[in-house]
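Following: one structure in structure tokens, then a few remarks.
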Protein chains: 2
Amino acid sequence: MTAHILHPLVRKLQTVFDLSEKEKEAVLTLPFLVRELKAGQDIVREQDRPSQCCVILDGFAFRYKIFDEGRRQILSFHIPGDIPDLQSLHLEVMDHSLATLVPTRVAFIPHHALQALLHAEPKIAGAFWREALIDASIFREWVGNIGRRPALARLAHVLCEIFTRIRALGLSDDHSFPLPVTQEELADAMGLSTVHVNRMMMELRAGGLIRTPRRAIIIENWEGLKEVGQFDPAYLHIRRSVL
Amino acid sequence: MTAHILHPLVRKLQTVFDLSEKEKEAVLTLPFLVRELKAGQDIVREQDRPSQCCVILDGFAFRYKIFDEGRRQILSFHIPGDIPDLQSLHLEVMDHSLATLVPTRVAFIPHHALQALLHAEPKIAGAFWREALIDASIFREWVGNIGRRPALARLAHVLCEIFTRIRALGLSDDHSFPLPVTQEELADAMGLSTVHVNRMMMELRAGGLIRTPRRAIIIENWEGLKEVGQFDPAYLHIRRSVL
DNA sequence: CGTTAACTTGATAGCATTCAACTAGCGTGG
DNA sequence: CCACGCTAGTTGAATGCTATCAAGTTAACG
């Protein structure tokens, strides 16, 4: 069977609860428009008033804000199946921007179609609620990660999080995963400078915790990395069955 | 007319949309249990599995996590009308704790009653969605505030936010507001040390931006404070009519 | 191969932390 | 009523983590 284009969304929802055939059908018959975006391209911008949401189909995306003097803060990373601008269903104006990290395919789904789906399928509505709340939980963890952890732990923690989320989706079965993120982007995500990220990265490698072949990460010592980053995945609210 | 005990919740919802009499009635007939809590008392703790949500009736509350070696990160402050643990409706296990800042009255409402309300009153369900999404938006702003702003701006920004939220609720009509927060708590909210908060506070006072009579803040120069904190209230998604 | 983006390295500067002590305010009890 | 004691706020000195600046090196790609 060939996978439906919106399959990544179904797969993501299935990590939250078991979809019935009818529910799966309801998701897969959503109207959508696919776009292929290049790396580093904005999908939505701060102050926009979107009339649609976007599903990441493959690739990676991130949300960000620009502060004084061009200082950028990356707010979250997004992987296939995510709907990073789901909030626009209820908040008219974007308070941040969304962009691609690498060449990425996204599907745009009109707000009214999503509203109709959520109205017709309460269980799916619940799953969307859950997703949005997990989103918020991740922000909380980032607040603490940036506010209260030194640079090395901060980096280890971010790597642990990305790996855990990718793995929960079944996109990695060993301890390696694609990380198409430059050190500059990591720096902007962690509130650090590029130079310092580089040094922390080297320290993790020197400690035998990770290896970094081109554009990817191999975790050599998962327990050690978790330890350094004080990583406890509880805040990701991943169902045990998926882990 | 004497105000109903749950009136703070109605007032908060009314800052989001205009409730019909029927909707107002539905909120006010929610079953609840009132508790009077002393200052510095936990309402819910990390790892708890609540079966109810709490509404702040009067007083102040905050969410926090404890990191390595007892380092605390405060994640958000909450004012009357807020439901800081609304997420527990969809996320079983608490990923953080919730505590009072001062003596505070809270109303506990069982999950099932809230579920029933949201099912019966779609507009209220929408308002709750909005609240939860604004919650997340505030976390995003905090990520950037902590990650990308120097201490003085960080402090100014936090003060601007608290003032704006209190004012939007109609709890302050001039430029003063109660701020029952110690410098230690501010420090834990901003990822700074107490000593440094103290110095930044003095700097704001020296600049004629604020005055701090006991347990309160008077903003002497609102434009100036916004400027220092680079404060733009867009992320609070407050309806214009309320501002 | 040339060119550009990403990464690496070294030196210096600075913001914020830590440690330690001291002061002011306030409630409580003798 | 005043003293004690606690909490919150204030101050100074020294340290340190991280930023900044400036080059240099490697890797990717046409």
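Letters A, B, ... mirror the listed sequences (proteins, then strands); counts begin at 1. Since this is a predicted model, take the numbers as computed values, not measurements. Just so you know, these numbers use all the heavy atoms, side chains as well, and skip hydrogens, waters and symmetry mates.
Between A:Y64 and A:F62, the ring-plane angle classifies as tilted under the 30° and 60° cut-offs. Relative orientation of the B:W222 and B:H175 rings is tilted, given thresholds of 30° and 60° on the angle between their planes.
Looking at residues two or more places apart in sequence or on another chain, you find no side chain to side chain donor-acceptor pair (under 3.5 Å) involving B:R35. Qualifying side chain to side chain donor-acceptor pair (under 3.5 Å) partners for A:R45, counting only residues two or more places apart in sequence or in other chains: A:D42. Looking at residues two or more places apart in sequence or on another chain, you find a side-chain contact (heavy atoms from CB on, under 4.5 Å) between B:D232 and B:A234. Taking A:R154 as the reference, nothing meets the side chain to side chain donor-acceptor pair (under 3.5 Å) condition, with sequence neighbours excluded. Residues satisfying the ring-ring contact (aromatic ring centres under 6.0 Å, His included) criterion with A:F177, sequence neighbours excluded, are A:F163. By the side chain to side chain donor-acceptor pair (under 3.5 Å) test, B:R11 pairs with no residue at all, sequence neighbours left out.
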Grab the N/O contacts between the protein and nucleotides 20-25 of chain D below 3.5 Å, and write none if there aren't any.
from, atom 1, to, atom 2, distance (Å)
D:dT20, OP1, A:R71, NH1, 3.4

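Between B:D188 and A:R148, at least one side-chain N (NZ, or NE/NH1/NH2) sits under 4.0 Å from a carboxylate O, which counts as a salt bridge.
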Please set out all donor-acceptor pairs under 3.5 angstrom arising from side-chain atoms of residues 195-207 of chain B, sequence neighbours excluded.
from, atom 1, to, atom 2, distance (Å)
B:N198, ND2, B:Q183, OE1, 2.9
B:R205, NH1, B:T212, OG1, 3.0

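Counting 5' to 3', DNA chain C first comes under 4.0 angstrom of a heavy atom of chain A and last does so at the ends given by C:dA6 to C:dA11.
Overall, the helix from C:dC1-D:dG30 to C:dG30-D:dC1 carries an axis bend of 40° between its ends, with five pairs at each end and the value rounded to 10°.
Contact annotation for B:G40: no contact, since no heavy-atom pair falls under 4.0 Å across all strands. Nucleic acid contact class of A:M202 (heavy atoms, under 4.0 Å, all strands): sugar-phosphate only.
Minimum interatomic distance between B:L101 and B:P180 (heavy atoms only, all atoms of both residues): CG-O, 3.7 Å.
Each side chain to side chain donor-acceptor pair (under 3.5 Å) pair with one or both residues in residues 74-86 of chain A, not counting sequence neighbours, appears once here: A:K12-A:D82, A:R63-A:S76, A:R63-A:H78, A:S76-A:H78, A:H78-A:D82, A:D82-A:R165.
Taking atom CZ of B:R211 as the reference point, atom P of D:dG9 lies 17 Å away to the nearest angstrom. A:R215 has its CZ atom 9 Å from the P atom of D:dA28, to the nearest Å. Taking atom CE on B:M201 and atom C1' on D:dT10, their separation rounds to 13 Å, with Å as the unit. As a whole-Å value, the separation of B:E184 CD from D:dC6 P is 17 Å. At whole-Å resolution of the value, CG in B:L179 and P in D:dA8 are 14 Å apart. The interatomic distance linking B:E185 (CD) with D:dG9 (P) rounds to 9 Å, in whole Å. For the pair B:N198 CG and D:dT10 P, the computed distance is 5 Å after rounding to whole Å.
No more than 12 heavy atoms of other residues, nucleotides or ligands shown are found within 6.0 angstrom of CD on B:Q47.
Distance alone, capped at 3.5 Å, is enough to place a donor-acceptor pair between the B:S97 side chain and the B:E46 backbone.
The phosphate of D:dT10 (OP1 or OP2) has a side-chain N or O of B:Q183 nearer than 4.0 angstrom.
Within residues 141-150 of chain B, no residue is approached by DNA chain D to less than 4.0 Å at the level of any non-hydrogen atom.
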